Amino acid sequence: MKPSARYAIWVLLAIVLGGTVRAQQAPQKLVLNHTDELEVVYEKERYITYANGHVDFQTESGHIYCDSAVFLRGVFANLRGNVFVDDTAYTLRADSVYYAIPTGQATARGERVELWSFADSLYGIGVYAFYDRTNGNFNMDQRPTIYLGYPDTAKMIEVIADNVDYRADRARAEAMGNVLIHSNDLQAKAECAVMNTEANVLDLYTKPVAKRGLSTISGEFISVYSANGEIQKIDVMDSANGEFIEPTDSTNTDFDRSRLRGRRIIMSF
């Protein structure tokens, strides 16, 4: 290799690693702190950087660690192998993550993808996750398990569905497809569920069934109102049907049994 070519490559590496005065004057949203091996390749009129081994990126709000990465400075980073996004707003673990540098959007895939959004107290486990750090929105597909109110086990609600979509600006989580819901005092199933995490209202659509203790209630639409992790009211509309089995004493040996049917049933606790 000619001396001039070697010089050009070293200059390019300095720029990529953010170690020059020019890089300091224009801070990047993703800076490579460390890698065991580094290669820069000119492809399709762009300089693509390949990092391999103990890769450590610094973002504006944390770090990203992985086994290897392919990235275009200021545009994108393909992160692979034991990816861990350690951010002040969230953490994300996955086998691979596509990270859009300008927006901070992360698309994660793997056998076990874990996403924890701190401000929203949401924790998800699945095989796919999309997270938008700018607005706090996220989506998990292919039947994830989501925990609302995480990590407070007294108030936590487990949601299993084909797809879960969360909009932070509305504090609204929507679960679609064979939705199963579990909490300390409620089990429910429906085809669609919408949870307002600020108002603590859970709406169940398309022939939902809810169970509290030994009592079961069903209808076309069910709203569950909670406060401080406890159910305050259940409102069932259209073809409401309830079978209530409630203990009559503290020993739980005697029970009061009743059946109700009507257009609407409201239970307050």
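Note that the coordinates shown come from a computational prediction; the quantities given were computed from them, not determined experimentally. Numbers here simply count residues along the sequence, with the first being 1.
A donor and an acceptor atom, one from each side chain of Asp120 and Tyr166, are located under 3.5 Å apart. Between the side chains of Ser223 and Asp203, at least one donor N or O sits under 3.5 Å from an acceptor N or O. Using a 3.5 Å distance cut-off with no hydrogens or angles, the side chains of Ser68 and Asn52 do not pair a donor with an acceptor.
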Phe221 and Tyr205: CA distance, side-chain angles, deciding distance, side-chain contact (heavy atoms from CB on, under 4.5 Å) verdict: CA-CA 5 Å; Phe221 175 79; Tyr205 298 85; 3.4 Å; yes
Residues Tyr90, Tyr131; criterion ring pair (Phe, Tyr, Trp, His ring centres under 6.0 Å); working and verdict: CA-CA 9 Å; Tyr90 74 105; Tyr131 184 80; 4.2 Å; yes
Stepwise side-chain contact (heavy atoms from CB on, under 4.5 Å) test for Asp169 and Asn135: CA-CA 7 Å; Asp169 58 342; Asn135 52 37; over 6 Å; no
Test side-chain contact (heavy atoms from CB on, under 4.5 Å) applied to Asp95 and Val83, step by step: CA-CA 6 Å; Asp95 293 336; Val83 182; over 6 Å; no
Test salt bridge (Lys or Arg N to Asp or Glu O under 4.0 Å) applied to Arg133 and Asp87, step by step: CA-CA 9 Å; Arg133 191 193 188 286; Asp87 190 272; 2.7 Å; yes
Steps toward salt bridge (Lys or Arg N to Asp or Glu O under 4.0 Å) verdict (Asp165, Arg167): CA-CA 7 Å; Asp165 190 77; Arg167 292 292 178 263; 3.1 Å; yes
Stepwise side-chain hydrogen bond (donor to acceptor under 3.5 Å, both in side chains) check, Tyr50 with Glu37: CA-CA 8 Å; Tyr50 294 81; Glu37 300 175 359; over 6 Å; no
Phe57/Phe71 under ring pair (Phe, Tyr, Trp, His ring centres under 6.0 Å): CA gap, chis, key distance, verdict: CA-CA 11 Å; Phe57 288 101; Phe71 68 98; 5.2 Å; yes
Residues Glu174, Val164; criterion side-chain contact (heavy atoms from CB on, under 4.5 Å); working and verdict: CA-CA 6 Å; Glu174 180 176 333; Val164 177; over 6 Å; no
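Leu72 and Leu79 fall into different hydrophobic clusters, where Ile, Leu, Val, Met, Phe, Trp and Tyr side chains are chained together by heavy-atom contacts under 4.5 Å. Cluster annotation: Ile157 and Ile217 are assigned to the same hydrophobic cluster (Ile/Leu/Val/Met/Phe/Trp/Tyr, side-chain heavy-atom contacts under 4.5 Å, transitive). A chain of hydrophobic side-chain contacts below 4.5 Å, direct or via other Ile, Leu, Val, Met, Phe, Trp or Tyr residues, connects Ile222 to Leu186. One hydrophobic cluster, built from ILVMFWY side chains closer than 4.5 Å, cannot hold both Tyr147 and Ile160; they sit in different ones. Under the 4.5 Å side-chain heavy-atom criterion for grouping Ile, Leu, Val, Met, Phe, Trp and Tyr, Val85 is not connected to Tyr123 through any hydrophobic cluster.
What you find for Asn184 and Ala154 is that their closest heavy atoms are ND2-O, 3.1 Å. When every heavy atom of Pro102 is checked against every heavy atom of Lys29, the shortest pair comes out as O-NZ, 2.7 Å. Residue Val97 comes nearest to Ala108 through the heavy atom pair CG2-CB, 3.8 Å, listed as atom of the first residue, atom of the second, then distance. Residues Val113 and Gly110 come closest through the heavy atom pair CG2-N, 3.5 Å. Of all non-hydrogen atoms in His34 and His54, the two that sit nearest each other are CD2-O, 3.0 Å. Heavy atoms only, all atoms of each residue included: Met195 and Leu148 are closest at CG-CD1, 3.6 Å.
Taking a cutoff of 4.0 Å between a charged side-chain nitrogen and a carboxylate oxygen, Glu220 and Lys207 qualify as a salt bridge. Ionic pairing of Arg259 and Glu243 is present here: one or more N-O contacts between side-chain nitrogen and carboxylate oxygen are shorter than 4.0 angstrom. Arg264 and Asp235 are joined by a salt bridge, as a carboxylate oxygen and a charged side-chain nitrogen come within less than 4.0 angstrom of each other.
Of the inter-residue distances, the one linking Asn196 atom CG with Leu202 atom CG reads 10.5 Å to the nearest 0.5 angstrom. Between the CG atom of Asp36 and the CG atom of Asp67 there is a distance of 10.0 Å, given to the nearest 0.5 Å. Once rounded to the nearest 0.5 Å, the distance linking CG of Asn78 with SG of Cys66 reads 10.0 Å. Considering OG1 of Thr107 and CG of Leu92, their distance stands at 9.5 Å, rounded to 0.5 Å. Residue Ser96 holds its OG atom at 11.5 Å from CG of Asn82, rounded to the nearest 0.5 Å. Residue Ile234 holds its CD1 atom at 11.0 Å from CD1 of Ile265, rounded to the nearest 0.5 Å.
Residue Glu43 qualifies as enclosed at atom CD: its count of foreign heavy atoms under 6.0 Å is above 12.
With a 4.5 Å cut-off on side-chain heavy atoms, Leu32 and Leu38 count as touching. Side-chain contact between Phe244 and Met267 is present, with heavy atoms from C-beta onward closer than 4.5 Å. Counting heavy atoms from C-beta outward, Asn139 and Asn163 have side chains that approach closer than 4.5 Å. Within the 4.5 Å cutoff, no side-chain heavy atoms of Val75 are placed close to those of Ile101. A heavy-atom distance below 4.5 Å is found between the side chains of Met140 and Ile146. Between Ile64 and Tyr99, some side-chain heavy-atom pair lies under the 4.5 Å cut-off. You'll find the side chain of Thr145 reaches within 4.5 Å of the side chain of Glu158, heavy atoms only. The closest side-chain heavy-atom distance from Val70 to Thr49 is not below 4.5 Å.
At distances below 3.5 Å, at least one donor-acceptor pair connects side-chain atoms of Ser215 with backbone N or O atoms of Ile245. Put simply, the side chain of Arg143 never gets that close to the backbone of Val127: no donor and acceptor are under 3.5 Å apart. Looking only at distances, no side-chain donor or acceptor of Asn33 sits under 3.5 Å from a matching main-chain atom of Asp56. A distance-only check finds no donor-acceptor pair linking the side chain of Thr206 to the backbone of Ala190 [under 3.5 Å].
A parallel orientation is assigned to the rings of Tyr98 and Phe76, their planes being inclined by less than 30° (bins at 30° and 60°). Between Tyr150 and Trp116, the ring planes are perpendicular. Angles over 60° get that label, and only those under 30° would be called parallel. The aromatic rings of Tyr65 and His63 sit parallel to each other, their planes meeting at less than 30°, with 60° as the upper class boundary.
Relative to the ring axis of Phe84, Arg93 places its NZ or CZ within 45° and under 6.0 Å from the centre.
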